[in-house]
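These notes concern the structure reproduced below.
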Amino acid sequence: FAQATEENRQPASKPPLGSMLFCGGGKLPDSILDRFCELGNIQRGSLVLIPTASPRSDNGDYSPWLQLWESKGWKEIHIVHAGDRAQATKEGFVTALDKVTAVWIAGGDQSRLSERFLDTPVLGKLKEVLQRGGVLGGTSAGAAILSQRMISGGTVNPEFGEGFGLLPKVIIDQHFSQKKREERLAKGVAMYPDLLGLGIDESTGIEWNAKQAKVLGLGQVHHYAIESTNNKPHWEQVQRESFPEGTLFQPNEYPRLFEQ
């Protein structure tokens, strides 16, 4: 009985020991790429690349991603790619993720990721990577997919799909200043005022762990939020702040960013 009582006191889920490093697309500076390698224990670890967001991956051409990460010094690199949802659910498909220390989700179309991997063993394995202290990184579509309410399209008026939900209270928008997506993200936050909007410029990223998040790179991260409202807000009421490299976000100040 005492043992059962002790087990009941355990939290339902522990905060992940690992990190996420999600980026806004464009050419990423060495400072971001090197930080990802460091978090992934490049000297003794292994890397899984998920190139599925790019249509190029369906042709079996993974060369751009392999060349990039091989040039950074990764010795052991595995590809996890599914041509369709059926392949992603086959036994043994996720084996490469069992002991990996780093995962990188390449850019492209985030809807391709959700269509093929949502509600498959892949998502559970990504969570395991984080739980055991690894790093999950991604850029452009590889960042957007981390949202639960995922922006899937729309130039000014956002279209939504379902993402992986690793940051369930955050709407991520990428290529933010370069593609002038300010109105799109503001409208998204107005549609879902309980969520936090993060617009990430190109060449910019956020390093996240359970204790803090930090802006990295050459651009800015743009914070969009509605603090309190009893009515459905207009998008122009969304509060906006922009943060440069080195800015730290703490859970007590930005709880939605850290909610799991």
Side-chain angles (χ1 to χ4, degrees), residues 15-16 19-26 28-29 31-32 35 107 110 136-160 163-260:
S19 303
M20 288 187 276
L21 205 172
F22 44 101
C23 308
L28 298 180
S31 59
I32 289 179
R35 181 58 178 157
Q110 53 266 36
L136 172 60
T139 190
S140 188
I145 193 66
L146 300 179
S147 302
Q148 184 79 51
R149 295 280 188 186
M150 178 190 76
I151 293 182
S152 59
T155 304
V156 174
N157 297 306
E159 301 166 3
F160 281 91
F164 289 169
L166 295 174
L167 292 172
K169 290 293 187 178
V170 181
I171 301 172
I172 297 172
D173 209 348
Q174 70 279 20
H175 305 280
F176 193 70
S177 296
Q178 289 75 14
K179 295 193 175 181
K180 302 186 185 306
R181 288 177 166 168
E182 296 87 352
E183 185 174 339
R184 181 169 87 164
L185 183 57
K187 287 182 175 178
V189 172
M191 290 170 65
Y192 300 103
D194 59 322
L195 303 184
L196 168 70
L198 287 181
I200 309 175
D201 288 347
E202 293 181 1
S203 306
T204 307
I206 299 175
E207 178 187 336
W208 179 101
N209 61 50
K211 296 181 179 179
Q212 68 175 28
K214 183 179 182 179
V215 179
L216 306 178
L218 306 180
Q220 294 185 312
V221 168
H222 308 271
H223 174 280
Y224 281 46
I226 293 173
E227 297 306 326
S228 61
T229 180
N230 296 321
N231 302 307
K232 189 167 181 62
H234 188 272
W235 65 269
E236 290 181 337
Q237 296 175 292
V238 174
Q239 299 173 4
R240 316 171 192 196
E241 292 182 88
S242 298
F243 299 99
E245 181 181 24
T247 300
L248 292 177
F249 299 96
Q250 305 289 350
N252 61 326
E253 296 178 283
Y254 302 95
R256 285 177 286 191
L257 178 55
F258 296 91
E259 188 167 328
Q260 292 287 286

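For reference, positions follow the sequence shown, starting with 1.
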Least distance between heavy atoms, [X] atom then [Y] atom:
{"X": "Pro193", "Y": "Arg256", "result": "O-NH1, 3.5 Å"}
{"X": "Gly25", "Y": "Leu28", "result": "O-CD2, 3.8 Å"}
{"X": "Phe22", "Y": "Ala143", "result": "CB-CB, 3.7 Å"}

To the nearest 0.5 Å, how far apart are [atom1] in [X] and [atom2] in [Y]?
{"X": "Ile226", "Y": "Trp235", "atom1": "CD1", "atom2": "CH2", "result": "12.0 Å"}
{"X": "Glu259", "Y": "Lys169", "atom1": "CD", "atom2": "NZ", "result": "5.0 Å"}
{"X": "Lys179", "Y": "Arg184", "atom1": "NZ", "atom2": "CZ", "result": "8.5 Å"}

| query | Is the side chain of Gln237 donor-acceptor paired with the backbone N or O of His234 at a distance under 3.5 Å, no angle test? | reply |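 Indeed, once roles are kept as given, a pair shorter than 3.5 Å links the two residues.
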Which donor-acceptor pairs under 3.5 Å do side chains of residues 144-157 form with protein atoms, sequence neighbours excluded?
unit_1	atom_1	unit_2	atom_2	d
Ser147	OG	Val170	O	2.9
Ser147	OG	Ile172	N	3.0
Gln148	NE2	Glu162	OE2	3.3
Arg149	NH1	Tyr192	OH	3.4
Ser152	OG	Glu159	O	3.2
Asn157	OD1	Lys187	NZ	2.9

State, with a plain yes or no, whether a side-chain heavy atom of [X] is found less than 4.5 Å away from one of [Y].
{"X": "Ile32", "Y": "Cys23", "answer": "yes"}
{"X": "Met20", "Y": "Leu166", "answer": "yes"}
{"X": "Gln174", "Y": "Arg181", "answer": "yes"}
{"X": "Pro15", "Y": "Gln260", "answer": "no"}
{"X": "Leu198", "Y": "Ile171", "answer": "no"}

Review item, side-chain donor-acceptor pairs of residues 201-217, under 3.5 Å, at least two apart:
unit_1	atom_1	unit_2	atom_2	d
Asp201	OD1	Ser177	N	3.1
Asp201	OD1	Ser177	OG	2.7
Asp201	OD1	His222	NE2	3.0
Asp201	OD2	Ser177	OG	3.4
Asp201	OD2	Gln220	N	3.0
Asp201	OD2	His222	NE2	3.3
Glu202	OE2	His175	ND1	2.9
Ser203	OG	Lys27	O	2.7
Thr204	OG1	Glu202	O	3.0
Thr204	OG1	Gly219	N	2.8
Glu207	OE1	Arg35	NE	2.8
Glu207	OE2	Arg35	NE	3.3
Glu207	OE2	Arg35	NH2	2.8
Trp208	NE1	Leu257	O	3.1
Asn209	OD1	Lys211	N	2.8
Asn209	OD1	Gln212	N	2.9

| message | I'd like to check the ring-ring contact (aromatic ring centres under 6.0 Å, His included) partners of Tyr224; sequence neighbours left out, ordered by chain and number. | response |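 In terms of ring-ring contact (aromatic ring centres under 6.0 Å, His included), with neighbours along the sequence ignored, Tyr224 is linked to Phe176.
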| Are Phe249 and Phe258 an aromatic pair by the rule of ring centers under 6.0 Å? |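 When the ring centroids of Phe249 and Phe258 are compared, they turn out to be at least 6.0 Å apart.
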